[in-house]
**Student:** 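Got a structure for you, questions after.
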Amino acid sequence: EVCKLFSNMAIPALMLVLGANLAEGPGTAAVPASSIAAVAFGRLLLLPLAGTALVALSARAGWLSSMDPTAMVVMMMMNAMPTA
């Protein structure tokens, strides 16, 4: 009973702590614009390209031969989606 109570409480409590930390903002340690641009470039361009290439090369090598082509397209799309 107690374990179930704690498990039901864990996620909402973590969300409250995360929200409180995010509400404070970066403070005096502001992140340079070049760092933000580099992370955005890597996450939104380089990683989707690398993931698409990995799926395509795996399909050509025959590692995904038993997989439905629709599943391969879904793998590529999931890799290309930005994080929430």
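No experiment lies behind these values; they were computed from the predicted model shown.
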**Student:** For the atom pair CE (M67) and OG (S58), what is the distance rounded to the nearest 0.5 Å?
**Tutor:**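 Spacing of CE (M67) from OG (S58) equals 9.5 Å.
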**Student:** Under the side-chain contact (heavy atoms from CB on, under 4.5 Å) test, which residues partner S35, sequence neighbours left out?
**Tutor:**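 For S35 the side-chain contact (heavy atoms from CB on, under 4.5 Å) partners, ignoring immediate neighbours, are V31, P32.
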**Student:** Side-chain polar contacts of residues 14-22 - donor-acceptor pairs under 3.5 angstrom, sequence neighbours left out - could you list them?
**Tutor:**
residue : atom : partner : partner atom : Å
N21     : ND2  : V17     : O            : 3.4

**Student:** Can you name the residues that form a side-chain contact (heavy atoms from CB on, under 4.5 Å) with P12, not counting sequence neighbours?
**Tutor:** none
**Student:** Tell me who clusters with M78, hydrophobic residues only, linked when side chains sit under 4.5 Å apart either directly or through other members.
**Tutor:**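 Listed partners: V74.
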**Student:** Give every donor-acceptor pair under 3.5 Å between a side-chain atom in residues 38-48 and any protein atom, sequence neighbours left out.
**Tutor:**
residue : atom : partner : partner atom : Å
R43     : NH2  : M81     : O            : 3.2

**Student:** M76: what forms a side-chain contact (heavy atoms from CB on, under 4.5 Å) with it, not counting sequence neighbours?
**Tutor:**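 side-chain contact (heavy atoms from CB on, under 4.5 Å) list for M76, sorted by chain: T52, V55.
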